[in-house]
Student: 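This is the structure I want to talk about, given as structure tokens.
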Amino acid sequence: MEQLVTSPDNSTTTRSRTSHQLLQPPEQDAFAAPRPGRRTRRALALTALLAAGALTLSACGGSAEAGSGDGKNGQAGADAAAAKDASDAKITVSSKDGATDASINDTGVKVTGGKLTDVKLTVADSGAPVEGAISGDGTSWKPGVQLERGTKYKLVANAKDAKGRSATENATFSTVSSDHSFIGNYTPDDGKTVGVGMPVSFNFDKVITNKKDVQSHITVTSDSGQEIVGHWFGAQRLDFRPEEYWKANSKVTMKIDLDGVQGGDGITGVQSKTVTFTIGRSQVSTVDMNTQIMTVKRNGSVLKSVPISGGSPDHPTYNGQMVISEKFVQTRMDGSTVGFGGEYDIKDVPHAMRLSSSGTFIHGNYWGSPSIFGKSGTSHGCVGLRDAKGGGGDTPGKWFFNESLVGDVVIVKNSHDKTVQPDNGLNGWNLSWDQWKAGSAV
């Protein structure tokens, strides 16, 4: 029986052989394809593997003609499309994300190409919000309060461009720590009206070794045109004043530009502020310890003569020019706080005004006999004026308190004590102009 078969090595169809026919050698069949040898079969197998590998590589990497497939070119196309449709609003946060020494003053947000829609600043640990406001034109935002030192904050700012497309910026930052920064507590405050003797006074919370740079970043000017010079009292206090008392009714401007200024090894300033205050009318009062009379002059003319009772012979009042630095309608005076042991402790002293850091006041006195005023010194160094318990009534103590400003000058003369030290209170007027300028670092 005849049968058609196909060779596994060759697809050419050959006529089958009957079972009783002898096998014909391959070389005798002129029409049969030659059977490949072992080397040829290995080459074919390798070719097949390479072809399979090429297909595999093409599947992973994509092809140049892949267009918008799932490969790199497809992602690049998607990124380009997203970028083309991105908002024109570009938000900038002054405190960089991840910063550990951010300013407590200059934190803010600005936007170009759009307007801010909302800004949220919170204390990172507690989530407590920090109030702030977007500017009227929508291009900036600032916190409403000074940030705390050494505190971590989170900020989220959102904006939209003219086409309504949104933009967002996030930042988490920490403000400079108190260990690595310094601030100056200053007087007078912004907007105050003060007397003609009021110096600008800074008390720094760290020792300042780089005095020149610190002083040069604080400028004090007056519309009176007076020259104003700084003077260092030690390493933590810097005062400014003109040669003579301030001109009455002048305006003084103090610019503090200490943010980022190196005050010493490892400490940086954090303040940036402009302060403006007004000098009021001129009032200078002179206490004569020989007569126990205080003469109050307003704008150069005598306003009133007031009987006083100054320091006793055992506890005389300082001589010199002293400036009222604080006013209290009522206060406690305890002798033990100023080195007098338990000699006195009066819990309701009326109309008290501080003249020195060491405890010199000009104040109301309701416990002394009316006969002492204008006659004799009986105090422990203060200047007393007749007054009433509780501060009521029409008394010299109440009158002088109401007529006085912080910054007014009280001059004491003819006392048996020494002149008050210029750094004991705001009393730098007791230095000559040459002495004052010698204490400047610039």
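Heavy atoms only: backbone and side chains are in, while hydrogens, waters and symmetry mates are out. Starting from 1, each residue takes its place in the sequence as its number.
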Student: Look up atom CG in Asp434 and atom CD in Glu243, then write down how far apart they are to the nearest 0.5 Å.
Tutor: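 Interatomic distance, Asp434 CG to Glu243 CD, rounded to 0.5 Å: 8.5 Å.
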Student: Does the Gln321 side chain pair with the main chain of Val409, one donor and one acceptor, at a distance under 3.5 Å?
Tutor: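 Between the backbone of Val409 and the side chain of Gln321 there is no qualifying donor-acceptor contact (under 3.5 Å).
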Student: Can you check whether Gly311's main-chain N or O pairs, donor with acceptor, with Thr317's side chain at less than 3.5 Å?
Tutor: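 Yes, the answer is positive, given that a donor and an acceptor are paired below the 3.5 Å cut-off.
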Student: So do the side chains of Phe204 and Leu258 get within less than 4.5 Å of each other, counting heavy atoms only?
Tutor: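 In contact.
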Student: Any luck finding a side-chain donor-acceptor pair between Asn424 and Ser358 under 3.5 Å?
Tutor: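 Their side chains do contain a donor-acceptor pair, which is all the 3.5 Å distance test asks for.
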Student: Measuring from Thr274:OG1 to Lys255:NZ, what's the distance to the nearest 0.5 Å?
Tutor: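 Reported to 0.5 Å precision, the distance equals 5.5 Å.
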Student: Can a donor-acceptor pair be found between the side chains of Asp137 and Thr139 at a distance below 3.5 Å?
Tutor: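 The criterion, which ignores hydrogens and geometry beyond distance, is satisfied for Thr139 and Asp137.
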Student: Looking at Thr175 and Ile104, would you say the former's side chain and the latter's main chain have a donor-acceptor pair under 3.5 Å?
Tutor: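 Not confirmed, Thr175 side chain does not pair with Ile104 backbone.
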Student: Quick one: does Met289's side chain get under 4.5 Å of Val412's, heavy atoms only?
Tutor: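 In short, these two side chains touch, coming nearer than 4.5 Å.
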Student: Trp246 and side-chain contact (heavy atoms from CB on, under 4.5 Å): which partner among Ile228, Thr278, Val194?
Tutor: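 Exactly one pass, corresponding to Ile228.
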Student: Within the 4.5 Å heavy-atom criterion, are Phe328 and Val349 side-chain neighbours or not?
Tutor: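 With C-beta onward as the side chain, the pair stays apart.
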Student: Applying salt bridge (Lys or Arg N to Asp or Glu O under 4.0 Å), run through Lys163 and Asp88 and close with a yes or a no.
Tutor: CA-CA 9 Å; Lys163 296 181 180 179; Asp88 291 332; 5.5 Å; no
Student: Going by heavy atoms in the side chains, are Leu385 and Met294 under 4.5 Å from each other?
Tutor: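 Yes. Closest side-chain heavy atoms under 4.5 Å.
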Student: Contact between Ile256 and Tyr186 at the side-chain level, heavy atoms closer than 4.5 Å - yes or no?
Tutor: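 Result yes, sub-4.5 Å side-chain heavy-atom pair found.
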Student: Between atom OG1 of Thr395 and atom CZ of Arg386, what is the distance when rounded to the nearest 0.5 Å?
Tutor: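 That separation rounds to 6.5 Å.
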Student: Working to the nearest 0.5 Å, report the span between OG of Ser181 and CG of Asp259.
Tutor: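 Rounded to the nearest 0.5 Å, the OG-CG separation comes to 10.0 Å.
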Student: Determine, step by step, whether Val229 and Trp433 satisfy the side chain to side chain contact (heavy atoms under 4.5 Å, CB included) criterion, reporting the C-alpha distance in whole Å, the side-chain angles of both residues, the deciding distance to 0.1 Å, and the verdict.
Tutor: CA-CA 9 Å; Val229 176; Trp433 188 233; 3.7 Å; yes
Student: Please tell me if the side chains of Trp399 and Lys304 come closer than 4.5 Å, counting only heavy atoms from C-beta onward.
Tutor: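 Yes, at least one pair of side-chain atoms sits under 4.5 Å.
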Student: Once the angle between the rings of His380 and His315 is folded into 0 to 90°, is it parallel (under 30°), tilted (30 to 60°) or perpendicular (over 60°)?
Tutor: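 Answer is parallel, since the angle falls under 30°.
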Student: Nearest 0.5 Å, please: how far is CZ in Phe182 from CD in Gln236?
Tutor: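 Going from the CD atom of Gln236 to the CZ atom of Phe182 covers 11.5 Å.
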Student: Any chance you could lay out the side chain to side chain contact (heavy atoms under 4.5 Å, CB included) test for Thr286 and Lys413, step after step, and finish with the verdict?
Tutor: CA-CA 8 Å; Thr286 302; Lys413 66 179 184 179; 4.0 Å; yes
Student: Supply the atom-to-atom distance Asp423 CG to Ser356 OG, rounded to the nearest 0.5 angstrom.
Tutor: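 One finds 11.0 Å between CG of Asp423 and OG of Ser356.
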Student: Who are the side chain to side chain donor-acceptor pair (under 3.5 Å) partners of Asn427, not counting sequence neighbours?
Tutor: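 So Asn427 forms no side chain to side chain donor-acceptor pair (under 3.5 Å) with any residue.
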Student: Does the Thr122 side chain pair with the main chain of Ala124, one donor and one acceptor, at a distance under 3.5 Å?
Tutor: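 Not at all, since once roles are kept as given, no pair shorter than 3.5 Å links the two residues.
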Student: Can you see whether Ser376 engages Thr378 through a side-chain donor-acceptor pair at a distance of less than 3.5 angstrom?
Tutor: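 Thr378 and Ser376 do not have a side-chain donor-acceptor pair below 3.5 Å.
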Student: Quick one: sort the Phe233 and Trp436 rings into parallel, tilted or perpendicular, breaks at 30° and 60°.
Tutor: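 Ring orientation of Phe233 relative to Trp436: perpendicular.
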